[in-house]
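Below is one structure, written out as structure tokens; comments come after it.
Below, all heavy atoms of this structure are taken into account, side chains as well, without hydrogens, waters or symmetry copies.
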Amino acid sequence: MKLLSRAEEIILLVILKLDKDAYGVKIREKIFSDTGAAWSFASIYTPLEKLVRKEMVVKMKGEPTQERGGKSKYYYKVTDDGIQALKELQESQKHIWAGVPDALLRVEL
Amino acid sequence: MKQNRPPRLANILLWMILRRDDYLEKTGDLEEVYSSLVEDKGKAIAIAWYWMQTITAIPAIVRNSFYWSMSMFKNYLKISLRKLLQQKIYSFITISGLAVGLGIFLLFFTLYSWRATPDSFHKDIDRIYNVVQVLNSGTGDRHTAYIAYPLAPSLKNDLPEIEDYTRFYEAPQTIVQHKENNFYENGICFADPNFLSMFTFNLIEGNYLTLLSRPNSIVLTESVAKKYFGDKSPIGKTLTLNNKADVVVTGVVKNIMDMPSASSIYFTSLVPLELAKSLYGSIDNWKDNSVSGFIRLKEKTDLKQVESKLEQLRNKYYESGNDSPRRLYLYPTKGLIYKAPNIERFANYQEPGSFIIFIIVGSLFLLIGIFNYINLATARYTERLKELGVRKVIGAGKLQLVKQFMSESILTALLALPLTLAAYNVVYSIFNAITPYMPDISIWNNKQIILTAIIMSILTGVLAGLYPALFLSSLRPIQIIKGKLNKGKSHGRMRKSLVITQFALSTLFIAIALVLQEQADYIRHVDLGYERKGVFAVPLPEEIKSKYEIFKTRLYNNPDIESAAASMGAPGNWQTKTNVIPEGMEISEPIKIYSYGVDYGFLETMSLSIISGRPFSKDYNEENNIIINQKFAVNLGWNMPIGKTIKIGNKTSKIIGVVKDFRFDNLHWPLGPTVFSMINKNPNYLLIKTKNSGKINSVIEQTKSAWKEFSPNIPFSSFTLENYFNDINADASITSKLFGMLGALAILYSGLGLLALASFAVRKRKKEIAIRKTLGASMPIILAMLSKDFMKLVIIADFAAVPIAYLLSKKLIELQSTITMPLGAGVFIFTALFILAVAILFIIAQVYKAAVSNPADSLKCE
């Protein structure tokens, strides 16, 4: 199985953390607050579309709001496949990081 | 709130490239951030940010939408291929049908474009002009591209705008000698050394710069090189021209017909102009208008300015007089072959409209192919209605279904591509075999044909798929699923009219083919006022010409030879003309009439009948006597022409006889006034009439051995007048064969269309047929019942096509020849019945199965 890309990983985790409030704007804000990097919408949508295609997230239409010019929010939810992929990624992370000699790089997981 | 709206243009952009759902999501997200940005940082920054986001999103969006359409397309492709493989025979018919239609269209299109872009293969052709002079013809202006030998170089000297010039001289018939063999060559032309660098004809062997630099060189075209030297390289070999000049082959160019496009300039070999002077006397003067002059202007030259300078130079070169030009002007050389028929010139004039017929015939064929596809496809889709219904119910929109059927027909057309190219090649080689006038447009030498083929395939796919796609996608799903398809009348009408069109076109092609064939036969046997049967001609080489009379008298020893006579030409394609002024006529401009040089016994040998007066005879001095034809006498209004005089050139001649009208020229022109005079030069042919036309071959053999005795070193050649005549008038039978081939293909197509229609009808009426059979209807009755509707279509097609075929074929034979057969109804009735018979065969083939089937089979299935 192919591993997730970094962007896909971050987005999946952010969606999980946002839980019921995971839509485009919030995802972008959360990424900014977690990583300090301001992503363009394009760089969020591209991995998001891919995740949708791989059925790791599902998209649901929400209620329209005033500040969106009367347009609906679209919420994202991580599927079981998404969780599974994250688990696999975590597993291989462990293997990759295990046995790295430099004590400075050792992380507690 | 209103001022907080995001930039509309950006939204429109997004709206165009995003699907609706995505558009709402993305712009929603953007607008949410945007409205908070407006409050925090101001409108300008917010707008800039919005645009930034939009533009950076575009590549990703495009990639994404492409992914989705591709995945749908994959599905269409899979289904289409599956269906094609399921019904192999059907698929073969549709694919090969499209391929043949497309192949023929491509061939005609290529032919058309070969002709429609004349001279485009010369590098600077847009800057090359012919010098044309306007002369006084007595009755008006005479425009001629033949100019005085020194004119072009003088112009180059005096006009700085002229970059270069070159000249071209068309020799009369030249005798070419190679080893023992003598040949007459008609297209040997003479040109300045730079001719082949100004006009970039495709070179096969040799070096452009040195081709004609030495005065004793010759450049051959491929076919001439092959004729004399076979497959060996001719470079460095020697030929002798007119028994006077030895020339060395320095290069070979492609045949003019095989150039990348039609050419205004025609030659079979090129020799330096210098040599023409020694072979054909002095042409190097200001008096004779003998050469064609081409000049190449410098880039960005104003043509108007040059022409106004020409006017001044004219006064400088010529004294004012009756012979000097009234005006000089420049005419573009490019495309001259189709332009300005009033200018006398080197290039034959061809009607530009004459090749539009290629595009018409090609398009008709493509149309038949497409109709065929539409007919078969719609008939077959009725079997796929369930699939359609399900797709619709699941939510496929009209557009999606259209896309599906479109991709299916485009796929079919693309699958047909290899077959298309094969069909192109087959039809091309057939054409090549039938007609000698085919340019080199094989696929191997014209790779752009493949590109055109691909583009045309896709276009054909779209065209062919349009109707089935629109028709099927417009069906209502509930009807489809219920199986209660309302087979709209308009749909049936559409398919019926397609079949009618196909049959009408078949009738048209077949009728024209038959008429042309009849015309060819008619011309072969038509009475032209002289007897071809049992007469043969022996071309006389230079060495024999002066001694021909001795040989001629020897021939009379042969008891099988009725008579023999010498002449300057051979009947069939003999059109030498001369200027004459009849006595008592006050005209400044002489009349141009046919002039035939003959000797004693000619009228008898050709079986021409004298109406009044007498033929040439050895008992008189005939040097200043002439014989005219009836037409000439009628034209002049002379009831008693015998004894009157006519001035031919500077010589006044007396009429001693009038012959009944006859035709020695080829039949493109109407019968013209003609004069016979005694040969004053060495003759070109000996015409020999046999006593018994059945023995002609043995007489030719006897003549050959007599020749061998007479002059053992000079080769003997001969041809019968009948073959010669048939070769010259082969056009009608060539065109007939072409139309015949197209007609056969058209019938096949129409038959297939009918087959599809019949199978559709049989399926629809399966139960009806079964019930009728159980009630006692016999097989013939059912056959008749099923066939009736289709026969109606074919009969309508026949009736529609016959009048058009009549008019068209009449026009065609009139274009080809001035002698046309009386056009009767027989051919057309025959064609109509023939088409009807073929149609019946096709229908019965399809319907018979249904008529003999066990009714129980069709009734018990529910």
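Only the backbone of A/Ser72 comes within contact range of chain B, with heavy atoms under 4.5 Å apart.
Taking OH of A/Tyr75 as the reference point, atom CD of B/Glu25 lies at 11.5 Å (rounded to 0.5 Å). If you take CZ on A/Phe41 and CH2 on B/Trp49, they are separated by 4.5 Å, rounding to the nearest 0.5 Å. The OH atom of A/Tyr45 sits 3.5 Å away from atom CG of B/Asp29, with the distance rounded to the nearest 0.5 Å.
Using a 4.0 Å cut-off between a side-chain N of Lys or Arg and a carboxylate O of Asp or Glu, B/Glu32 and A/Lys73 do not qualify as a salt bridge.
Crowding of B/Met52 atom CE: a count of heavy atoms from other residues, nucleotides or ligands under 6.0 Å not exceeding 12. Annotation: A/Lys50, atom NZ; neighbour count of heavy atoms from other residues, nucleotides and ligands within 6.0 Å does not exceed 12.
Residues of residues 17-25 of chain A that come closer than 4.5 Å to chain B, counting heavy atoms only, are A/Tyr23, A/Gly24, A/Val25, ordered by residue number. Residues of residues 26-38 of chain A lying under 4.5 angstrom from chain B, judged on non-hydrogen atoms, are A/Arg28 by number.
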